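Reviewing the structure listed below.
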2 protein chains.
Amino acid sequence: MTEGNPAGVGLRERKKRATRAALVAAAVRLAAEHGAEHVTVDAISEAAGVSARTFFNYFDARDDVFVMIGADASARVRQAVLAAPAELPPLQALRDAMATELAEIEQQQELWRLHSEVLRRSPHLLARSLGAHMADELALAETLAERIGAGSPLFSEDRPALGSPDDERRRRALGLYPRLLAAVGIAAVRVAVEHWCVRQDELAFVDVFRETFEHLAAGLPAPSPAGPAGPADR
Amino acid sequence: MTEGNPAGVGLRERKKRATRAALVAAAVRLAAEHGAEHVTVDAISEAAGVSARTFFNYFDARDDVFVMIGADASARVRQAVLAAPAELPPLQALRDAMATELAEIEQQQELWRLHSEVLRRSPHLLARSLGAHMADELALAETLAERIGAGSPLFSEDRPALGSPDDERRRRALGLYPRLLAAVGIAAVRVAVEHWCVRQDELAFVDVFRETFEHLAAGLPAPSPAGPAGPADR
DNA sequence: ACGCAAAGATGCAGGCTCTGCAAAAAGTAC
DNA sequence: GTACTTTTTGCAGAGCCTGCATCTTTGCGT
């Protein structure tokens, strides 16, 4: 009924995306100004030009509007993991895929800076955001399994909700290693980003990122007192 | 008003703990039976024998009552990390500390099984639980820093909320390595537990746990098709 | 034992979040 | 233009959460 239209995706679809984007933009702008917990659904909806009831047609919970940014970045990482040269070890393939994505995000700085500002001032949202990425982690584990070749043809782009029966089935089909690699990789990126955010002035993100994955590849040995993977940084 | 009383911690304190425990127990029991999202604060409070208003004197949000189990386990892990033999590499010290704690938890099986059942059926809570452990991660990173000797005398038992100015300061004082080790270690435990939960019948948790940390210590190399971490235990 | 001060529990008012339902409005196809 | 589908909206209602005033319990000195 729909997608036969390459030029225009259909007025309906376009309007929906516009509304969603307007809600997210309004929410982030208001949150940056007044603090996320003082921004009501009514205020967001009014700023976006829709009714409060409509807000809940787009988001299951008020907080979701603050964590639904970059929902497609993880999909691109998975694609890159599959496209990586076959001779690369899994950890390196993952590292490179993530590096590419992070570089692109670094260019949209402004939006992400506002967003991270909001998250910093509302730890509650940070926690929620973290949890929201659990589904990404599972999907990434599947992709890694497929790349390694240990997996069955699990590839599919739809992601069932956490805890669904389907989700259950997919977990069973995965080995320990892909899941571990996915979890550890995501944790490493998170730590690298946080570490860099705290000392933006002193360090280049690329260096932090490289050092982080060097630690991992080395098996996390105790760092020498001077510097872990190079000259010390303070 | 303090600790001078070894025999009894004071009636007041005991009552508070009892109330908190009663609320948690009632909540988990009700959630296991009816599903977490159908359990109201009123129902929990009534089952625990207190008023609904009192519930919010103990928990900031209704969902918190479902994720506040084992809040003191992480403190014991930190203690064990510090107490570990000095010649142990950090990763191993962390592994052993976690293993001890997990063994103790394995004995309270019943409560934890119920709890994990609740989390499984309510992914929303799982996400929240994940985020709640962020503070633990930071504290663990500090402890690891102290053990390594790279840290200043940061030791203190009070944990400021995520995002507080104090939290900010403490993050700055930490190097990349301790934070990475803490994040990766916690992620590894989570994966091991999940992997084991999904195939409880086939595997012993100890084995899954050991294999997980072998992967880490080896630097996450691509597993050989046959056996993941080489020819088994050493 | 008595009474005082601190801490906790409770009730209540009120605002905000979120859901189901049915009617109105807007887009789509014929 | 008409009929069909999708989206938006208002409304009612349940539940979540907080601030405030009050009452009860506990800890402790005398």
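Remember, it's a predicted structure, so these values are computed and weren't measured experimentally. These values consider heavy atoms only, across backbone and side chains, with no hydrogens, waters or symmetry-generated copies.
Contacts between residues 16-33 of chain B and DNA chain D, counted as heavy-atom distances below 4.0 Å, involve no residue at all.
At dG27(C), one or more side-chain N or O atoms of K15(A) fall inside 4.0 Å of OP1 or OP2 (strictly under the cut-off). Applying the 4.0 Å criterion to OP1 and OP2 of dT8(D), one finds that Y58(A) has a side-chain N or O inside that range.
Donor-acceptor pairing under 3.5 Å, judged by distance alone, is present between the side chain of R12(A) and the base of dT5(D).
Ion pair E137(B)/R190(A) flagged as a salt bridge, since at least one NZ, NE, NH1 or NH2 atom sits closer than 4.0 Å to an Asp/Glu carboxylate oxygen. Note on R29(B) versus E33(B): no salt bridge recorded, every NZ/NE/NH1/NH2 to OD/OE distance being 4.0 Å or above. Look at E142(B) and R147(B) and you find no salt bridge, because none of the NZ, NE, NH1 or NH2 atoms lies under 4.0 Å from a carboxylate O.
Residues F55(B) and V50(B) fail the side-chain proximity criterion, which asks for heavy atoms closer than 4.5 Å.
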Using a cutoff of under 3.5 Å, can you pull out all pairs of nitrogen or oxygen atoms linking the protein to nucleotides 23-25 of chain C, with atom names and distances?
none

Short heteroatom pairs, N/O only, protein and nucleotides 9-13 of chain D, under 3.5 Å:
| unit_1 | atom_1 | unit_2 | atom_2 | d |
| --- | --- | --- | --- | --- |
| dT9(D) | OP2 | S51(A) | N | 2.9 |
| dT9(D) | OP2 | S51(A) | OG | 3.3 |
| dT9(D) | OP2 | T54(A) | OG1 | 2.4 |
| dT9(D) | O5' | S51(A) | OG | 3.4 |
| dG10(D) | O6 | R53(A) | NE | 3.4 |

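Per the geometry, CD1 belonging to I44(B) stands 10 Å off P belonging to dC17(D), to the nearest Å. Whole-Å rounding puts the D42(A) CG to dG15(C) P distance at 13 Å. In this structure, the CD atom of E37(A) is 15 Å from the C1' atom of dT17(C), given to the nearest Å. We find that CZ of R14(B) is positioned 15 Å from P of dG8(C), with the value rounded to whole Å. Spacing between atom CG of L11(A) and atom P of dT5(D) amounts to 19 Å, rounded to whole angstrom units. Rounded to an integer number of Å, the gap from E13(A) CD to dT28(C) P is 10 Å.
Within 6.0 Å of CD in E46(A) there are 12 or fewer heavy atoms belonging to other residues, nucleotides or ligands.
To the nearest 0.5 Å, the span separating CZ on F66(B) from CG on D64(B) amounts to 10.5 Å. From K16(B), atom NZ reaches atom CG of N57(B) across 10.0 Å, with rounding to the nearest 0.5 Å. Between M68(A) atom CE and D63(A) atom CG the span is 11.0 Å, to the nearest 0.5 Å.
When all heavy atoms are compared, the tightest approach of G185(A) to F213(A) is O-CZ, 4.4 Å. Residues A182(B) and L144(B) approach most closely at N-CD1, 3.8 Å, considering heavy atoms. Across every non-hydrogen atom of A93(A) and V81(A), the tightest pair is O-CG2, 4.5 Å.
For T40(B), taking side-chain heavy atoms from C-beta onward, the closest of the listed nucleotides dG15(D), dG27(C), dT18(D) is dG15(D).
Residue F59(B) forms a side chain to side chain contact (heavy atoms under 4.5 Å, CB included) with just one option from V67(B), V41(B), V24(B), I44(B), and that option is V24(B).
Across all strands, F55(A) comes closer than 4.0 Å to no nucleic acid atom at all (heavy-atom distances). F59(A) comes within contact range of no nucleotide atom at all, as no heavy-atom separation falls under 4.0 Å. Residue contacts shown for R62(B) are limited to sugar-phosphate atoms, with no base heavy atom under 4.0 Å away.
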